[in-house]
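See structure below.
Within every chain, numbering begins at 1; the chains are lettered A, B, ... in the order of the sequence lines, protein sequences first and strands thereafter.
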Amino acid sequence: MSESARDYRSTLNLPKTDFPMRAELPKREPARVAWWTEHQTYRKRLARNGEQGGAPYILHDGPPYANGDMHMGTFLNRFLKDALVKIHLLDGRYADFVPGWDMHGLPIERETLKHLKLDFRAADPIELRRACRERALYWMGRQREQMLRMGASFGRFDEPYMTIAPEYEAVIVETLADLAERDYLYKGLRSTLWCVYDETALAEAEIEYKDHTSPSVYVRFPANAAQRPALLEKFGLDDDGTPLSVAIWTTTPWTLPANVAIALSPTATYGVYRVAGEDIIVAEALAGALFERMAAGEAILRGEAPGSDLERLAVRHPFLDRDSLVILADYVELETGTGAVHTAPGHGEVDFESGVQYGLPILNPVDGAGRFTAEAGPYAGMFIFEANARIVDDLRAAGLLIASESYDHSYPHCWRCKNPVVYRATAQWFIGMDRHGLRERAERAVHDVEFLPAWGETRMSQMVENHPEWCVSRQRAWGTPIPAVVCTACNESLLDPALARNLAQAMRARSFDEGNASDLWWTEPVSAFAPPGLTCPRCGGTAFEKERNIVDIWFESGVSWRAVLVERGMPFPADAYLEGGDQYRGWFRSNLVTSAAVRDRAPYKSIIAHGWVVDQHGHAMHKSTGNYMATDEAIAKYGADVLRLWVASSEFTGDVRLGANLLDNVSNVYRNLRNRLRYLLGALDGLTPLSIVPREEMEPLDRLALAALDAFAGEVAEHYRAFRLHDAYVALTRFDIEDLSRFYLDALKDRLYSSAPDAPRRRSAQSALFEIFRTLCVLLAPVLSFTAEEAWQCLDPALRGAAESVFDLELPTVSPIDEAQLATWSLLKELRAQVAASEGIRDFQLDATIDVQEPYYDRFVALGDNLREALVVSALRGVHAASNGAPTVVVVPAEGEKCQRCWKYLPLGVDPHHPTLDATCAAIVRELEAKT
RNA sequence: GGGCCAUUAGCUCAGUUGGUUAGAGCGCAUGCUUGAUAAGCAUGAGGUCCCUGGUUCGAACCCAGGAUGGCCCA
């Protein structure tokens, strides 16, 4: 065998690692979850940060509702929370994260009733509540597993907070007591959104708008003989005996029995029109459309008047024996209808306000199940939605119907049973937003909060500004009781703070395993909680009955700052709340209001809001439209780390698009990053703690690389601290490609592969690569938690040292930037790119000559052979100090012949035993042979 | 209908106080490499900066109106 044919490959130090190129994430991730749990990675790091005096960083978890499986929106939210906790944990902070669940409320109650095939009116409340509890716990357990599976396991997942826990319920009751004591809580009649199917009042947040077809009717409200002259006079007309009426428009004929007024716009002009032998009053802007519907020939305008002139006149109710007052209201629009708005204060929010303003009776002829009471006259006993047709027929028969058609519009529906809801006047408990300056206190509190994105402040302020009176009572079973009592003598409702606190105390005495602590309100008599001498403030009575209201679940989650942070002795306020943008109106606001009322400040220092997950075309995802992506399926296909990277690759403050081709794209980026980790691990083969070269003794190029690393790592860490995940992602991928893959790793190959294994120059390179590897691992960990940990575990345990997990590493601190070194590094990259771009011939087939200006000339000369190495050429023929112009590198075909071992073109044959090798390689091979 | 937000390359995103030829990564095409190899390198193509109008010597950027999409409301 001739020497020239000899294969020197085995004498090289080629990369070697067990870290697989193929990730197989779906298969491998579950074991990693178990590993983190088993090794108590989070708990141990948290404790260590605490012991070392790390400042707290508290992300307070907005509780997901314990019903249904995780969807991609939840994934986005949980990932962001997990990344935020991990960032601060790695940064040495005491990032104590307590996950929580929202577990009371109608959806669970309904699901349980359905499951048990029960009607809630017939169900025993204690039994129902027990079943609801089981259901809620089932969903919580399931959601918790899904969170752990996606790698979002860093938190107190074995001791989460639950709104059904005794101490949580106690805090709810105690907060109600505080609010009552401060006179924020009151009972009042309100036209509230009401579901006649669930027989309960609904919060705004429990409403969904959906398309609905309503009847659309135009109705005459006739003026009688006594009313006609006053009306006609305003239009400058005499009474010639022609029938006169005001035309109103409504899409809810069933509310007509409760009509007491007609609202006009104060600024619009109204006309009296003569058409087919009658006079009709209508807004001029809408007259054309109305008479077109009537199709009764030409309408002649006889007189006109501004709406403001008609105030407090009256017409007759179309079928009940009473008047309907003409009133003015700003909300009257001139887009649809007649400009004369049928007003029933018992059946509408604005109607109610007008009713109060004009001192109108609040009629409420509808019971909780949607049936007319005797007050509705001929319609008593009918179901309201069925009465619509009957009322229209009667109006037509009486000659009072001008026109009737159907009308498609967006209409409020119950979020749970999906049926249309109505407005109905009921006695409810309210938190008075305008009592004792609560709204102003909340508004002030907003100004002390930092918002990401910044425009969140505008949004939040508006939410406070527009916050209506907060109805907090519900007539259901699955919730925390509002511990109010009714005086049996005078029927007065009373929420006595002392009584409430007694109840709370009794609930606290229960353990979680004993079941629903608040069952006490159902099972125990009033006397069990009533303080001695409790008397009715109105009549002095001393006998009371319990009210059976539960509290709105938005109030429950709204006191989480107190039930979790305060109750567990954690810092208050929290550093951050992090939820979807819908929560400006939901949880951000409910927490703000309760905290402003009790503590006079916001419960959070900062709010981070994320956008919605939409499909790849930017449209909302729905199971029904077929663009829905199930989380478990996505994890099974791509793995959690790819999905985590997908979020980081997006700008989460806006809407986040998701689709298969998008995830394929992210998968490619993932593979890139993974391969870099793999290559680094391979290159570290053979490095031991003792052979690590201190930075100041490293080769000059390695020191430059680490200067670049420092700058990069500091930048990414700062992005992380400010939670600019996307910026961190961009910086990471760029450094990975531009600095490592295309430049430094390429330039190091010769030194790593062809040096003697333990040559100082090789150890220097490995030491730098170790630093880079460790830094990349910690910077990737918040996002690619699984992969970063996997890579870290593939590292030689001796190098891993005390850091058992990648989460035992430290987030880099920002070090002073050495601008000169960075500039030198950048220039080297640029010159290397020039060499790499030279056509046809490549790398070691070339020798190079460099022209640079001061100060680079000196810096380059100081690099010694590293300069040649950085350009990946066989020889550097010279470095010239150019007088001007851009730095350049000129390449020419290399002199010498290709060394069969290191592939550089050098003089060969110095060693007769290795004629195809250059002198250095020959010497190394001889040494290796001597060892064997 | 109102409030808030978004719209830049096939995809995800940059684009500093208005100022040369609007950038990066991924993808795509072509070539190289076969000692990171189900990898790596190089080169290249690809843009009506959503539209219309305005301000300006000059607009992706400022102003007005509109379109599309999203969230929240009505």
Side-chain angles (χ1 to χ4, degrees), chain A residues 7-17 19-22 73 204-205 207 209 331 333 335-336 349-350 409-412 453 455-463 465-466 468 580-586 589 609-621 645-651 653-659 661-683 726-727 729-738 740-743 745-746 749-750 752-754 832-843 872 901-903:
Chain A
D7 182 10
Y8 288 101
R9 198 173 184 275
S10 61
T11 69
L12 295 168
N13 316 297
L14 295 176
K16 193 177 147 211
T17 176
F19 187 75
M21 181 177 281
R22 295 194 58 202
E204 290 171 84
I207 296 300
Y209 283 80
Y331 54 79
E333 286 184 290
E335 305 276 320
T336 45
E349 209 162 2
V350 291
H409 59 149
S410 172
Y411 189 85
W455 51 259
E457 179 165 0
T458 315
R459 190 95 188 262
M460 193 77 237
S461 291
Q462 285 178 348
M463 290 303 169
E465 207 176 304
N466 302 329
D582 55 333
Q583 299 304 329
Y584 285 112
R585 188 166 204 279
R589 184 167 81 170
H610 59 77
W612 231 239
V613 177
V614 294
D615 75 9
Q616 52 197 317
H617 307 294
H619 295 258
M621 276 194 175
L645 191 62
W646 154 67
V647 179
S649 77
S650 312
E651 185 51 63
T653 54
D655 291 334
V656 180
R657 293 190 187 210
L658 177 63
N661 47 11
L662 220 143
L663 287 180
D664 290 340
N665 205 339
V666 175
S667 299
N668 285 317
V669 178
Y670 172 82
R671 230 169 301 162
N672 265 335
L673 290 167
R674 184 180 180 88
N675 275 322
R676 218 72 60 229
L677 291 173
R678 177 174 139 90
Y679 183 76
L680 288 169
L681 278 168
H726 182 77
D727 291 343
Y729 165 86
V730 169
L732 270 162
T733 49
R734 284 194 65 157
F735 182 79
D736 170 61
I737 295 288
E738 295 175 11
L740 295 182
S741 192
R742 281 187 198 157
F743 179 46
L745 298 186
D746 217 26
K749 280 177 189 166
D750 179 47
L752 286 168
Y753 298 173
S754 64
R832 160 60 189 156
Q834 285 184 27
V835 174
S838 43
E839 300 245 356
I841 328 174
R842 37 182 288 113
D843 295 348
V872 200
R901 184 166 174 275
C902 72
W903 290 354

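The side chain of A:Tyr670 places no N or O atom within less than 4.0 Å of a non-bridging phosphate oxygen (OP1 or OP2) of B:rC26. Within the structure, every side-chain polar atom (N or O) of A:Asn466 is placed at least 4.0 Å from both OP1 and OP2 of B:rG2. Listed pair A:Arg742 / B:rG40 fails the phosphate criterion, with no side-chain N or O lying under 4.0 Å from OP1 or OP2. Neither OP1 nor OP2 of B:rC26 sits under 4.0 Å from any side-chain N or O of A:Ser649. Listed pair A:Arg585 / B:rC73 meets the phosphate criterion, a side-chain N or O lying under 4.0 Å from OP1 or OP2. For B:rA38, neither phosphate oxygen OP1 nor OP2 lies less than 4.0 angstrom from any side-chain nitrogen or oxygen of A:Arg22.
In summary, the side chains of A:Arg901 and A:Thr11 do present a donor paired with an acceptor at a separation below 3.5 Å, with no hydrogens or angles considered.
Taking the six-membered ring where the residue is Trp, A:Tyr753 and A:Tyr679 present perpendicular rings, their angle passing 60° and hence far from 30°. Relative orientation of the A:His617 and A:His619 rings is perpendicular, given thresholds of 30° and 60° on the angle between their planes.
Counting any heavy atom pair closer than 4.0 Å across all strands shown, A:Asn675 reaches a base atom. Residue contacts for A:Arg901: at a heavy-atom cut-off of 4.0 Å it reaches a base atom on one of the strands shown. Using a 4.0 Å heavy-atom distance criterion, A:Asn665 is classed as a base contact. Note on A:Leu12: a base of the nucleic acid sits closer than 4.0 angstrom, heavy atoms only. Among the heavy atoms of the strands lying under 4.0 Å from A:Ser741 is at least one base atom, whether or not backbone atoms are also near. A:Arg676 comes within 4.0 angstrom of a base, heavy atoms only. Across all strands shown, A:Asp727 has no heavy atoms under 4.0 Å from either base or sugar-phosphate atoms.
In this pair, A:Trp903 lays its aromatic ring flat on the base of B:rG35, centres within 5.5 Å and planes under 30 degrees apart.
Across the P atoms, B:rG27 and B:rA64 are found 42 Å apart, a figure rounded to whole Å. Rounded to whole Å, the P atom of B:rC57 lies 23 Å from the corresponding atom of B:rU52. Between B:rG19 and B:rA24, the distance separating the two C1' atoms is 22 Å to the nearest Å. The gap from the C1' atom of B:rG46 to that of B:rC26 amounts to 14 Å, rounded to the nearest Å. Going from the P atom of B:rC63 to that of B:rA22 covers 24 Å, rounded to whole Å.
Rounded to whole angstrom, the span from the CD atom of A:Glu738 across to the C1' atom of B:rC26 amounts to 13 Å. Straight-line distance from the OH atom of A:Tyr679 to the P atom of B:rU37: 10 Å, rounded to whole Å. Rounded to a whole Å, the CG atom of A:Asp736 is 15 Å from the P atom of B:rA39. Between A:Tyr209 atom OH and B:rC71 atom C1' the separation is 15 Å, expressed in whole Å. Rounding to whole angstrom units, OH of residue A:Tyr8 and P of B:rG35 are separated by 17 Å. Distance A:Leu658 CG to B:rG70 C1': 15 Å, rounded to the nearest Å. One atom, NE2 of A:His619, and another, C1' of B:rU68, lie 8 Å apart when rounded to the nearest Å. Atom CH2 of A:Trp646 and atom P of B:rC13 are 11 Å apart (whole Å).
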- request: Could you run through nucleotides 3-8 of chain B and give me one letter per nucleotide, 5' to 3': B if any protein heavy atom sits under 4.0 Å from the base, S if only the sugar-phosphate is that close, - if neither?
  value: BSS---
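For the pair A:Leu745 and A:Leu680, the minimum side-chain heavy-atom distance is below 4.5 Å. Side-chain atoms of A:Val872 and A:Lys749, non-hydrogen and from C-beta on, never get closer than 4.5 Å to each other. For the pair A:Leu658 and A:Leu663, the minimum side-chain heavy-atom distance is below 4.5 Å.
Of all nucleotides listed (B:rG70, B:rG35, B:rC13), B:rC13 comes nearest to the side chain of A:Glu651. The side chain of A:Leu662 approaches B:rU12 more closely than any other nucleotide in the set B:rG35, B:rU12, B:rG70. When distances run from any side-chain atom of A:Val669 to the nucleotides B:rC72, B:rC26, B:rU12, the shortest one goes to B:rC26. Relative to the side chain of A:Asn672, the nucleotides B:rA24, B:rC26, B:rC71 differ in distance, and B:rC26 lies closest. The nucleotide whose nearest atom lies closest to any side-chain atom of A:Thr733 is, among B:rC13, B:rG25, B:rG70, B:rG25. Here B:rA36 is the nucleotide among B:rU12, B:rC72, B:rA36 with the atom lying nearest to any side-chain atom of A:Leu745.
A:Arg589 places a side-chain N or O within donor-acceptor distance of the main-chain N or O of A:Met463, the cut-off being under 3.5 Å. Under the 3.5 Å distance criterion, the side-chain polar atoms of A:Arg742 are left unmatched by any main-chain donor or acceptor of A:Ile737. Checking side-chain atoms of A:Trp646 against main-chain N and O of A:Leu662 turns up no donor-acceptor pair under 3.5 Å. Between the side chain of A:Asp655 and the backbone N or O of A:Trp612 there is at least one donor-acceptor pair closer than 3.5 Å.
For the atom pair A:Asp750 CG and A:Leu12 CG, the distance stands at 9.5 Å (nearest 0.5 Å).
Counting only residues at least two apart or in different chains, salt bridge (Lys or Arg N to Asp or Glu O under 4.0 Å) contacts with residues 665-676 of chain A comprise A:Arg674-A:Glu790, A:Arg676-A:Asp736.
Consecutive Watson-Crick or G-U pairing (both distances under 3.5 Å) extending over three or more pairs maps onto RNA chain B as B:1-7 with B:67-73, B:10-13 with B:23-26, B:28-32 with B:40-44, B:50-54 with B:62-66.
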